[in-house]
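Here the structure is laid out as structure tokens; the discussion comes afterwards.
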Amino acid sequence: MRTVAPERAVWPSGTRPSLDGDVAVGGVGLAALAGRFGTPVHVVDEADVRLRCRAFRGAFRHGEVAYAGKAFLCRAMASWVEEEKLSLDVCSAGELAVARASRFPAERILMHGNAKTPEDLGAALSYGGGRIRIVVDAFQEIARLGALADRALRPRMLVRVTPGVDGGTHKSISTGTDDQQFGFSLASGAAAEAVRRALAQRRLDLRGLHCHIGSQITDPAAFEEAARRMVGLLAAIREEHGVTLPQLDLGGGFGVPYEGGERALDPAELASRLNRAVADACALHRLPVPRITIEPGRSIVARAGVTVYRVVSVKHGLAGSLTVAVNGGMSDNPRPSLYGARYTVRMIGRRAPGGERRATVVGRHCEAGDVLVREASLPADLRPGDLLAVPCTGAYHHSMASNYNLVRRPPVVAVRDGRARLLVRRETEEDLLRRDLG
Ligand SMILES: Cc1ncc(COP(=O)(O)O)c(C=O)c1O
């Protein structure tokens with residue numbers, strides 16, 4: 001039996017296949033890990049996360065790299081990011097609570113959200129003496145922050161701009177075009193008006209502009225175009241108000257491969273193209289180069305994650321199709337049903353003596369759309385009890401998990417140097433019933 005090397009690009013960097021058919025991540029065999037922690041289980045390779053943090057930090061040496069916590073956040077993840085000298089994006093009081101619990105420095109936190117509630121704003125302003133930067137997304141928010149400010153508390157803020165750039169991604173994760181719910185439109189003049197209102201309030205400390213054109217974007221040209229338009233607005237602000245804003249946050253959205261052969265954005269190439277685009281545009285407008293912030297989420301943590309499931313049933317269809325059902329699904333990975341996201345999968349834990357055949361891997365939920373992997377190649381003798389591992393599940397999986405069908409959410413286990421550590425435990429039925437008051 002030949003040992004098929006996992007496709008490097010979609011697995012954590014330290015992944016090693018073994019002769020017995022298993023795969024080790026971070027030096028830990030996934031089959032043994034599944035035996036110890038149960039299935040489904042989300043595995044995250046700490047070394048891989050740190051490697052990607054360092055790649056971005058190294059590439060954007062003079063700027064700020066803020067990890068977007070919405071991709072995956074728990075206290076350990078916040079600590080790794082902090083230790084690697086990244087900043088942190090949060091988008092709710094809940095995410096901020098995790099940052100607070102891991103004592104993340106306030107001056108390195110940004111808060112996002114198109115509909116921040118009073119609770120979110122209150123949490124942001126009360127953490128670290130108002131040193132968190134709040135990225136404002138609506139006129140009402142500027143007014144609210146103005147009302148909350150006083151002599152002792154001068155909220156730091158950025159204005160989120162919609163630069164009218166289409167990153168060519170799925171419409172559910174495209175956020176840079178006009179007429180969707182995020183930011184102030186550049187084209188309509190709303191962005192300029194937001195800046196006007198922010199500057200008019202002395203008690204608000206406007207630090208810069210922000211944009212985020214979408215997620216899973218693989219064309220650097222889209223980011224360059226957004227950067228040029230944003231510098232144009234910085235120049236217009238200086239022209240109108242005589243104010244040079246020092247910070248330009250260009251968001252995240254850097255694409256990663258989910259299947260072999262797909263493109264990933266290389267941090268070094270991205271940094272050189274973005275820095276050049278900003279520097280050239282600034283030179284054109286005779287503007288000092290602002291400090292650049294970027295906000296990678298997926299590109300830091302997606303490839304560090306692997307989810308292991310156990311096969312529950314195998315069905316042979318009339319037309320020769322094979323449907324493999326596992327003990328998880330859209331409650332731990334909603335991306336296929338939300339965006340038609342595609343994944344690879346492989347069996348682990350034993351050798352498969354026969355050939356492979358095409359199969360569809362489905363989840364356990366009461367929806368025909370609960371399909372995890374289409375057109376999978378799996379051993380012809382696959383049977384209930386076998387283990388399946390789906391790579392590239394570190395971002396927007398645990399963080400988007402639900403309790404649909406009152407299925408308990410899986411644990412998150414970190415692996416590093418041959419050791420496994422439980423970061424987030426599996427939900428219990430007690431957890432599920434705790435909020436149900438009868
Ligand atoms: C404002 C903002 N910044 C950063 C990100 C991170 O995007 P990604 O995980 O694709 O890098 C998001 C994701 O939606 C976002 O909304």
Side-chain angles (χ1 to χ4, degrees), residues 49 52-53 55-56 59-60 63-73 77 81 86-92 95-96 99 108-116 120 124 132-138 141 157-163 165 167-177 180-184 208-220 222-223 226-227 230 247-258 262-267 270-271 274 292-305 334-335 338-339 341 392-400:
V49 170
R52 315 252 176 227
C53 289
F56 273 102
F60 287 87
E64 176 185 33
V65 181
Y67 167 66
K70 67 194 75 181
F72 166 65
L73 196 62
M77 181 71 190
V81 162
L86 269 61
S87 297
L88 180 68
D89 263 12
V90 297
C91 64
S92 68
E95 287 186 359
L96 187 56
R108 279 161 53 197
I109 297 179
L110 294 114
M111 177 176 267
H112 287 283
N114 65 314
K116 295 178 206 72
D120 295 327
I132 288 183
R133 284 158 291 167
I134 298 175
V135 183
V136 295
D137 210 298
E141 201 170 282
M157 53 186 263
L158 276 69
V159 165
R160 179 165 178 166
V161 178
T162 314
V165 174
T169 189
H170 191 283
K171 70 172 172 14
S172 301
I173 46 175
S174 176
T175 55
T177 53
Q180 39 74 39
Q181 67 266 51
F182 300 102
F184 297 95
L209 302 179
H210 169 275
C211 72
H212 171 74
I213 59 174
S215 201
Q216 189 53 10
I217 295 169
T218 50
D219 179 7
F223 296 107
M230 296 295 284
Q247 189 183 355
L248 179 57
D249 185 335
L250 295 170
F254 317 127
V256 304
Y258 281 89
E262 285 179 338
R263 185 161 183 213
L265 276 182
D266 170 51
L270 182 73
L274 271 185
I292 295 177
T293 299
I294 55 153
E295 303 173 336
R298 187 190 310 276
S299 46
I300 296 282
V301 75
R303 284 161 290 184
R335 295 186 68 257
L338 280 174
Y339 324 128
C392 212
T393 56
Y396 304 105
H397 288 75
H398 173 72
S399 64
M400 286 180 123

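Just the heavy atoms: all of them, side chains too, but no hydrogens, waters or symmetry mates, feed the values below. Atoms within a ligand are numbered from 1 in the order they appear, just like the ligands themselves.
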Answer with side chain, backbone, both or neither: which part of [X] has a heavy atom less than 4.0 angstrom from an atom of ligand 1?
X	answer
His112	side chain
Phe182	neither
His212	side chain
Val135	neither

Stepwise salt bridge (charged side-chain N to carboxylate O under 4.0 Å, His left out) check, Glu141 with Arg160:
CA-CA 11 Å; Glu141 201 170 282; Arg160 179 165 178 166; over 6 Å; no
For the pair His112 and His210, name the ring-plane relationship: parallel under 30°, tilted 30 to 60°, perpendicular over 60°.
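Aromatic pair His112/His210 classed tilted.
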What are the atoms of ligand 1, with element, lying closer than 4.0 Å to any heavy atom of [X]?
X	value
Glu295	1 (C), 2 (C), 3 (N), 4 (C), 5 (C), 6 (C), 11 (O)
Pro296	11 (O)
Arg160	1 (C)
Tyr396	6 (C), 7 (O), 8 (P), 9 (O), 13 (C)
Ala68	4 (C), 5 (C), 6 (C)

Using heavy-atom distances, let me know which of Gly251, Gly253, Ala71, Gly183 sits nearest atom 11 (O) of ligand 1.
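Selected option, by shortest heavy-atom distance: Gly253.
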Would you say that [X] contacts [Y] through its side chain, given a criterion of any heavy-atom pair below 4.5 Å between the two side chains?
X	Y	result
Cys392	Val256	yes
Ile294	Phe223	no
Ile300	Phe56	yes

Do any N/O atoms on [X] end up under 3.5 angstrom from N/O atoms on ligand 1?
X	value
His210	no
Gly297	yes
Lys70	yes
Ser299	no

Quick one: do Leu158 and Thr293 satisfy side chain to side chain contact (heavy atoms under 4.5 Å, CB included)? Show the steps, please.
CA-CA 11 Å; Leu158 276 69; Thr293 299; over 6 Å; no
Any side-chain donor near an acceptor of the partner, Tyr67 and Arg52, under 3.5 Å:
no
From CE (Met111) to NZ (Lys116), nearest 0.5 Å:
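If we round to the nearest 0.5 Å, Met111:CE and Lys116:NZ are 8.0 Å apart.
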Between the main-chain N or O of Phe182 and the side-chain N or O of Thr162, is there a donor-acceptor pair closer than 3.5 Å?
yes
